[in-house]
Amino acid sequence: MAKMNMLQAINDALDIAMAENERVLCFGEDVGIFGGVFRATSNLQQKYGKARCFNTPLVEQGIIGFANGLAAQGSVAVAEIQFADYIFPAFDQIVNESAKFRYRSGNLFNVGGLTIRAPYGGGIAGGLYHSQSPEAYFAHTPGLKVVVPRNPHQAKGLLLASIHDPNPVLFFEPKRLYRASTGEVPEEEYRLPLGQAEVVKEGTDITLLAWGAQMEVLTQAVELAEKEGISCEVIDLRTILPWDVETVADSVFKTGRLLISHEAPLTGGFAGEIAATIQERCFLYLESPIARVTGLDTPFPLALEKEYLPDHLKVFEAIRASVEF
Amino acid sequence: MAKMNMLQAINDALDIAMAENERVLCFGEDVGIFGGVFRATSNLQQKYGKARCFNTPLVEQGIIGFANGLAAQGSVAVAEIQFADYIFPAFDQIVNESAKFRYRSGNLFNVGGLTIRAPYGGGIAGGLYHSQSPEAYFAHTPGLKVVVPRNPHQAKGLLLASIHDPNPVLFFEPKRLYRASTGEVPEEEYRLPLGQAEVVKEGTDITLLAWGAQMEVLTQAVELAEKEGISCEVIDLRTILPWDVETVADSVFKTGRLLISHEAPLTGGFAGEIAATIQERCFLYLESPIARVTGLDTPFPLALEKEYLPDHLKVFEAIRASVEF
Amino acid sequence: MVSKTRKPKVVHKPAFTDGAEFSIATFQLLKQDGTLYKGAKAPDLEKDQALRIYRAMVYTRVLDERMLAAQRQGRLSFYMQCTGEEAAVIGSTAALDDADMIMAQYREQGALVYRGFTTDEFMNQMFGNEEDYGKGRQMPIHYGSSELNYMTISSPLATQIPQATGYAYGQKLAGEGHCTIVYFGEGAASEGDFHAALNMAAVHRVPVIFLCRNNGYAISTPAAEQFAADGVAPRAYGYKMDVIRVDGNDILAMFEATRQARRLAVEDNRPVLIEAMSYRLAAHSSSDDPSGYRSKDEEQIWRDKDPILRMKAWLQAADWWSDDDEKQLQENYRREVLETMKRAQKRPPPPLDSLVSDVYQEVTPELARQLDNLKAHIRKYPDAYPKTAEQAKGGA
Amino acid sequence: MVSKTRKPKVVHKPAFTDGAEFSIATFQLLKQDGTLYKGAKAPDLEKDQALRIYRAMVYTRVLDERMLAAQRQGRLSFYMQCTGEEAAVIGSTAALDDADMIMAQYREQGALVYRGFTTDEFMNQMFGNEEDYGKGRQMPIHYGSSELNYMTISSPLATQIPQATGYAYGQKLAGEGHCTIVYFGEGAASEGDFHAALNMAAVHRVPVIFLCRNNGYAISTPAAEQFAADGVAPRAYGYKMDVIRVDGNDILAMFEATRQARRLAVEDNRPVLIEAMSYRLAAHSSSDDPSGYRSKDEEQIWRDKDPILRMKAWLQAADWWSDDDEKQLQENYRREVLETMKRAQKRPPPPLDSLVSDVYQEVTPELARQLDNLKAHIRKYPDAYPKTAEQAKGGA
Ligand SMILES: Cc1ncc(C[n+]2csc(CCOP(=O)(O)OP(=O)(O)O)c2C)c(N)n1
Ligand SMILES: Cc1ncc(C[n+]2csc(CCOP(=O)(O)OP(=O)(O)O)c2C)c(N)n1
Ligand SMILES: [Mg+2]
Ligand SMILES: [Mg+2]
């Protein structure tokens with residue numbers, strides 16, 4: 001075990017993957033000698049050479065198009081998009097190509113070797129274009145997997161699993177935790193399962209569900225709630241697509257209440273999908289409406305970021321409202 | 001009144017808009033002399049000249065980028081994307097630019113004059129790439145309006161309203177109805193309201209909600225259901241974003257049951273958002289889980305399209321299940 | 001940043017240029033009458049390979065004619081012809097190694113024919129039956145073959161171009177001396193993906209051949225409304241990429257240019273852009289009618305440059321081909337196509353389970369659930385789903 | 001389709017070219033010592049305008065220095081300097097009509113300075129206070145001014161390039177003789193949007209000037225890893241667009257080239273690409289440290305080409321400027337910037353209601369509901385939201 005922050009854990013995962021298999025390549029804007037604007041790919045070019053870790057021209061649609069071809073060829077492509085806000089020029093290559101490559105060819109070809117990493121989320125005074133949480137845009141796309149880690153330990157294990165997964169994976173990294181979140185991380189290789197949520201805390205009165213940086217917010221809200229005697233069960237969804245309905249439903253069968261929280265705007269956010277599914281699965285068990293605590297239905301602001309964000313106080317209030325319903 | 005099919009109604013709306021205001025421009029791939037691959041822009045170049053109705057090079061991101069600039073300049077830009085499946089290369093220009101133009105500039109600039117038309121949907125043996133229903137991808141984007149008409153009368157009135165609306169509007173046209181759907185359409189200009197759902201049939205046992213081509217499917221299902229004595233209230237959502245929560249909620253307060261149907265895949269589809277909102281608004285009134293009848297969580301198939309689609313029989317079965325819950 | 005190797009020229013009077021003076025010549029070898037231009041040298045082309053090429057061209061023409069007819073008869077939902085562009089496609093493919101990867105747009109069935117895709121394989125795809133490799137998921141003509149190194153066609157235009165750059169980068173690292181050829185139309189070259197692909201290929205020195213079929217139209221849009229420049233070739237200058245423009249109806253020139261391009265790509269890691277100048281003699285697709293946007297006269301000019309007749313004249317001049325051979329070949333192909341079509345049409349559709357397979361490598365629990373529900377539904381209404389009612393019976 | 005006007009040249013031996021022979025010369029007028037190159041002719045530049053330009057350059061430099069310092073002191077979250085590129089930006093803007101539209105990337109504050117954006121206006125944006133036109137929604141340096149025809153900056157790179165083509169198309173139809181200039185970096189020129197923009201502008205003959213600031217780097221990525229070609233200029237050939245390469249540190253050359261480009265654009269509807277060769281002397285942004293990817297020596301080469309010193313030498317040679325003037329100006333600007341900054345920092349943030357306005361032209365019922373809920377929440381926890389607690393009190 002070693003103490004690492006999330007960036008170090010990610011760098012470590014990439015290092016292990018590249019050491020183990022020479023077909024693993026890491027590339028993107030500024031990921032070469034510079035190690036990426038957040039330094040997630042530090043030292044990889046130095047260690048594995050320019051052919052395996054390199055800068056690309058500044059063109060996201062090209063990066064992912066290139067990565068799709070590389071993965072189809074049998075390489076293991078780990079492409080970085082500098083900010084999740086800049087993934088949209090590659091939307092066609094991801095949604096029409098990566099996601100449908102295997103299906104449309106009847107499994108003659110596939111891009112299972114593809115992993116796309118991108119820092120996402122707010123809380124860093126980034127305004128509209130350095131704060132977005134675009135997971136829901138991709139979660140409507142069969143064929144993709146979408147993964148979000150909450151801390152360094154999860155980041156390493158989930159990233160290694162994503163790189164090895166035989167399907168294209170979008171790996172969104174909560175950038176406000178890059179340096180803020182630290183913890184013990186095993187030095188050797190390990191993989192955490194994709195498609196499985198994790199119950200990080202058991203409780204009986206209400207189920208709280210989130211992913212990524214929002215897990216920290218839940219934890220703070222739980223502190224407030226438990227002071228008032230509300231027992232919370234807390235789940236980290238971890239994989240947004242395909243998501244683990246069973247674990248969530250089992251919890252709601254038990255608690256009778258569900259709150260889902262994410263930073264992205266309310267309308268069309270992934271909490272909607274979860275609420276729709278769970279109200280159907282657990283209809284007779286629900287003691288109050290499923291609550292969503294999310295960003296506002298606006299672009300991401302700057303000066304009033306604090307007001308915009310679904311912070312622990314908003315979550316706490318929603319917990320109370322749900323329990324008192 | 002004149003009998004028109006949906007293409008004629010759309011063409012008529014464009015013609016009226018161009019005649020009335022010389023700043024209205026129509027452009028896209030093959031929309032010039034040819035009138036578009038579906039002929040929605042027939043004769044517009046002949047009537048209004050090459051400067052106002054023209055072919056663009058084959059580049060969707062350029063078409064919408066160009067349209068954004070044109071709208072910012074004060075023109076009224078009506079851009080066609082040849083198939084909704086090909087809108088994704090323009091995703092960045094739509095989601096990061098059109099949607100956020102006004103907000104990010106504090107209303108110094110806006111692209112309210114922009115309307116994007118695109119044929120969407122299945123049922124024409126189009127397979128993966130001529131069948132998609134991408135409305136949910138855009139419905140997660142504050143700043144956009146998303147509109148879908150169900151018949152020629154609606155198409156003309158909603159398209160004229162979209163063109164005049166001071167916000168960017170995505171107008172998805174159900175292409176399988178282009179020629180199949182005909183009806184009486186007023187010859188003069190008229191506009192139907194955006195953001196308002198329409199109760200197209202009143203009933204007491206269950207609310208059925210859809211939009212576009214799926215409205216026809218609902219109608220067929222209702223026939224079966226009413227034969228069994230189930231009274232259905234049928235709502236056409238018409239505007240997907242921002243959507244009319246009140247009309248839907250009011251109906252569900254009355255019927256106690258809701259079924260939503262769309263062609264797009266289940267997970268992350270817009271039915272999820274509606275179900276999540278309505279379970280919260282109408283929690284104590286719901287007599288059965290909100291049902292979603294949608295496409296499968298796969299890319300759009302071809303040979304087994306019939307099996308894939310949420311047809312009237314699947315809707316009917318879901319009605320029955322809801323009522324018998 | 002100013003390049004360090006070459007001192008930039010400097011001027012003190014402003015001079016604008018649009019590059020028009022750098023007009024790109026068209027490489028031609030073979031005249032329409034089957035003789036070579038003065039000073040032209042035919043490539044080394046053995047009789048066997050020449051006939052393999054020619055047969056592929058004729059087969060492609062026959063297939064196109066028959067399938068369009070089948071579409072007109074309502075037997076097939078959709079078709080796209082290669083007519084007029086057979087030399088551009090087959091001449092280039094023939095100059096490659098069969099292990100090189102082909103990433104095509106959709107009008108390159110000739111490349112598959114040359115590589116040995118069987119009539120059965122064509123038909124299974126077009127009829128989307130249970131033997132279609134693509135499991136009946138894509139529209140007709142979206143072929144693919146892993147065995148023949150032919151990437152399954154994808155409808156969104158130009159997406160395969162940066163993919164080809166990536167694929168070829170992988171080939172370069174693998175070091176087995178293979179390259180990728182990527183085909184696309186002059187219309188598709190307007191997409192952003194084209195720009196990304198060429199730039200990345202040049203920067204990373206990738207063994208890829210970009211083959212632009214400039215056939216004058218993108219559906220109804222003439223090339224003059226697609227770009228102001230003299231074709232697509234001058235774009236290569238913008239990426240410092242080797243480029244050659246070729247008479248796309250000249251089988252010998254296409255073969256020779258591609259052969260040399262392949263050498264540049266594989267031996268020197270220099271990507272190459274080839275612009276094949278030709279014409280789409282048929283409609284864009286079976287859904288299109290070109291009479292609204294171009295003249296019969298214009299079409300006739302190009303009919304007179306038919307690439308198949310041109311090659312035939314050359315073969316006959318070399319005494320490698322006779323009118324009898326021709327008649328025989330045409331008849332055989334027509335018969336083969338018709339008979340195979342009939343068989344393929346009768347094959348059952350892909351299995352119901354194929355609705356949810358290949359979305360992920362493994363069927364997810366949620367998809368298994370959706371399939372189960374579907375089967376139960378079909379069992380309830382077997383008459384409504386005649387294709388799959390029988391199979392649904394097998395269900396839980 | 002082969003162009004009908006010019007018979008294409010034909011060759012019978014395959015010839016590949018990468019266009020390297022068509023290297024593009026750099027237009028220069030002014031030497032670093034303030035004298036003109038032999039044969040160079042200074043543009044018509046009245047003393048008034050020359051000083052307006054010079055003052056804008058100096059102001060920009062002062063602003064950049066002060067604001068970077070403010071960022072280092074923690075007063076500001078983020079900053080981006082234009083240092084080294086003042087002539088490229090201001091020289092080109094100065095050659096336009098003030099009614100022409102400017103669509104910039106982010107490093108073109110000099111254009112705003114030249115047009116008369118006040119120190120207050122700069123500060124209000126950077127501190128995102130209640131007087132920021134952008135209502136505190138974007139990061140510092142995302143300026144915009146409808147009055148000065150300067151489109152609000154958007155962070156996603158290159159999106160403004162096709163928008164400029166569209167904007168200029170609208171200007172052409174309006175027929176008032178205006179054009180659009182669009183600025184972007186050599187890095188952003190790799191985006192697909194760049195390709196679309198140039199192609200569409202050339203096809204539709206749009207009055208737009210594409211101004212590429214080639215400053216050698218995109219963050220850490222040197223131009224040599226961005227493209228293999230000799231800069232961005234040769235791409236214009238691919239679209240048949242007029243192009244000129246200019247010494248970006250030469251204020252006179254930038255002014256003259258842009259003046260002529262504007263004439264081509266407005267009078268002949270010929271879009272023009274200008275590549276301004278310069279260097280990003282500062283870090284990419286306040287978050288960047290270039291020492292990891294480039295050498296001090298390289299930086300020094302360019303520091304010696306400082307565009308402001310060069311213009312100053314020219315002004316002094318013309319006796320339009322003295323060392324005293326300089327001292328005075330610098331002092332005034334420093335004081336103005338510091339004092340204005342202090343005031344701007346103290347202004348309150350934008351109102352709570354601005355969280356939901358401007359998403360649509362009118363606030364939707366759903367957004368009104370979300371705002372009401374938010375206000376109620378803030379009233380419950382006023383201490384947690386100190387910026388807006390007071391305003392929330394006013395709520396329902
Ligand atoms: C991204 C995208 N946009 C639009 C289309 C619709 N479309 C299909 S083919 C075509 C024209 C292509 O022309 P070109 O590339 O010149 O190829 P050609 O048909 O002439 O062989 C268009 C617009 C598409 N398939 N994909
Ligand atoms: C679409 C997109 N991708 C990535 C970024 C992140 N980014 C911001 S500036 C920059 C480099 C831009 O370089 P260049 O265009 O040369 O301009 P310069 O900074 O040199 O003026 C990058 C990669 C972005 N803002 N937008
Ligand atoms: Mg073409
Ligand atoms: Mg740069």
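Every chain is numbered from 1, with letters handed out A, B, ... down the list of sequences. The figures that follow rest on heavy atoms only: side chains count, while hydrogens, waters and symmetry mates do not.
- Of the atoms belonging to B/D244, not a single heavy atom falls under 4.5 Å from chain D.
- No part of B/K100 comes within reach of chain D, as not one of its non-hydrogen atoms sits under 4.5 angstrom from that chain.
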Residue pair D/S146, B/F109: steps toward the side chain to side chain contact (heavy atoms under 4.5 Å, CB included) verdict: CA-CA 7 Å; D/S146 47; B/F109 300 97; 4.0 Å; yes

Evaluation steps, side chain to side chain contact (heavy atoms under 4.5 Å, CB included), between B/L25 and D/Y169: CA-CA 11 Å; B/L25 310 180; D/Y169 188 86; 3.9 Å; yes

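- In this structure, chain D has no heavy atom under 4.5 Å from any part of B/I64.
- Interface remark: D/F194 contributes no atoms to any contact with chain B (heavy atom separation under 4.5 Å).
- Inter-residue side-chain proximity for B/T56 and D/M200 is flagged as met; some heavy-atom pair is nearer than 4.5 Å.
- With chain B as partner, the option from D/S154, D/S357, D/A197, D/G144 having the largest number of non-hydrogen pairs under 4.5 angstrom is D/S154.
- Heavy-atom distances place the side chain of B/Q93, and not its backbone, under 4.5 Å from chain D.
- Heavy-atom distances place the side chain of B/S75, and not its backbone, under 4.5 Å from chain D.
- The backbone N or O of D/R137 lies less than 3.5 Å from no partner atom in the side chain of B/Y103, so there is not a single donor-acceptor pair.
- Interface residue D/T364: only side-chain heavy atoms are found under 4.5 Å from chain B.
- Judged by a 6.0 Å distance limit and a 45° cone about the ring axis, B/R102 is not positioned over the six-membered ring of D/Y360.
- For B/A67, no part lies near chain D; criterion is any non-hydrogen pair under 4.5 Å.
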